[in-house]
Amino acid sequence: MTSKLQAVRGMNDLLPVASPRWRGAEQRLQAVLARYGYEEIRLPLLEPTELFARTIGEVTDIVEKEMYTFLDRNGDSLTLRPEGTAGVVRAGIEHGLFQGQLLRLWYQGPMFRHERPQRGRYRQFHQIGAECFGSAEPELDAELIAMTAQFWRELGLTGLHLQINSLGSREARAAYRERLQTYFRDHHAALDTDSQRRLETNPLRILDSKNPDLAALIGAAPSLPEHLDAGSRAHFERLCTLLDGLGVAYTVNPRLVRGLDYYGRTVFEWVTDALGAQGTVCAGGRYDTLVEQLGGRPTPAIGFALGLERLLDLLAATGIDPSVARSVWYVVSTPGACRMQALSLAQRLRSEPDAPTVLMDHASGNFGKQIQRADKAGADVALILGEDELATGTVTVRLLRAARPTQETVPQASIQATVNRLAAENCP
Ligand code: ATP
Ligand code: MG
């Protein structure tokens, strides 16, 4: 007996019913990225395991327990990328892209993390992310964050709130880390096992715990902003002023830390309460030392990644359909001699660069049946080619979604003009 083959747990198929919404959302986001000057970079899904260990951090959830790591046939340790930034930095160094000028890059595609699958949390999920290299100024942070705000405007989303924080310099974080360690050691028994483990390795991560039982303890913990160095404080204050000036509303969340070690100074998240526990749709921050740490020339940078599953879920929950509408014409013809004409008419129509989708029926069946199938296929226009039309070189244009029955027989050369005119007459 053979067992039924199924997709890997936590990895989803994207079916045709859903793909127009995905594509619509992606296209809108890409249009915004283009307006801000971001250029696309496409990278391998597999990278050397060491890349992620050295960037994301050895004692993060991702590297400790979420990576899909395996030895290939040569015995090299490879990992399916759990996020995009490490690869972008690797490629930037490898191809000499960091030359001191501003470099704006975006990427898109699947990421892999072995997490417990649930709503908004999958083992293969998709991100669109952007990274900007070459400026340490808070103006860049403001521009990048304002771009993410523009994403939501473009999509018509209003339920997302921006939280920001500063993680300070490496030295400031080290001092804070000690304070935090002392505090949580004093409350060791109240911590869950995950946090007890993090206490020694990465105590800042306790602040990021999703365990509601720890909320009060975390709420009373020493606060990061008090430990900020002067430079980071000034940077953060300037960022707040700039966001105010741009009209981007935000909340300062002093407990906001990120799950990856490479962040310093600015961090931010866009969150919603509409998605249950997985409410962060987009998250990012500064990583001014990462390029240098991987062997590149010192290059300050900031970036973010947006989770497409969560974004699409939020759009659906808000009743927004981002699909880009496409008109569909359906060629209906009498089986036999007319079919050749129908095929060549469809072929000719599709050769126009701004052509609609042109479908046709390859089955037999009378006009009525074909029109029914056209309707089912979502067509808005039927182009009817029968014996009469064949004899006169014409076609009958029928609107399928019009309020009243509308059709007209015209020369084949004026199909588009006829569709436009009939449609205009039909919806004044
Ligand atoms: P979380 O705290 O929810 O685990 P994270 O801090 O691990 O998120 P990032 O690494 O910053 O997330 O990734 C950026 C975005 O990618 C998240 O805000 C989220 O929208 C999305 N994302 C992350 N992990 C997953 C996942 N397993 N499934 C679906 N989307 C995800
Ligand atoms: Mg995570």
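Numbering starts at 1 and runs along the sequence shown. Start at 1 and go down the list; that is how both ligands and their atoms are numbered.
Within the 4.0 Å heavy-atom criterion, neither part of Leu311 lies near ligand 1. Residue Glu83 does not touch ligand 1, judged by heavy-atom distances below 4.0 Å.
Comparing Tyr263, Phe125, Trp270, Phe112 by heavy-atom distance to atom 24 (N) of ligand 1, the nearest is Phe125. When the options Arg116, Arg258, Arg121 are ranked by their closest heavy atom to atom 1 (P) of ligand 1, first place goes to Arg121.
Tested against Arg104 for a side-chain hydrogen bond (donor to acceptor under 3.5 Å, both in side chains), the candidates Glu131, Glu39, Glu143 yield a single pass: Glu143.
For a threshold of 3.5 Å applied to N or O pairs, the pair formed by Glu115 and ligand 1 contains at least one separation below that value. Any N or O atom pair closer than 3.5 Å counts here, and Glu309 shares no such pair with ligand 1.
When all heavy atoms of Ile41 and Tyr107 are compared, the pair lying nearest together is O-CB, 3.5 Å.
Atoms CG and CZ, on Leu315 and Arg21 in that order, are 9.0 Å from each other to the nearest 0.5 Å. To the nearest 0.5 Å, atom CD1 of residue Ile371 and atom OH of residue Tyr330 are 9.5 Å apart.
Close contacts between ligand 1 and Thr280 involve ligand atoms 17 (C), 18 (O), 19 (C), 20 (O) [criterion: under 4.0 Å to a heavy atom]. Listed by number with element, the atoms of ligand 1 under 4.0 Å from a non-hydrogen atom of Lys210 are 2 (O).
With respect to Arg28 and Glu26, no salt bridge is recorded, no charged nitrogen being found less than 4.0 Å from a carboxylate O.
Ring pair Phe184/His188: centre-to-centre distance not below 6.0 Å.
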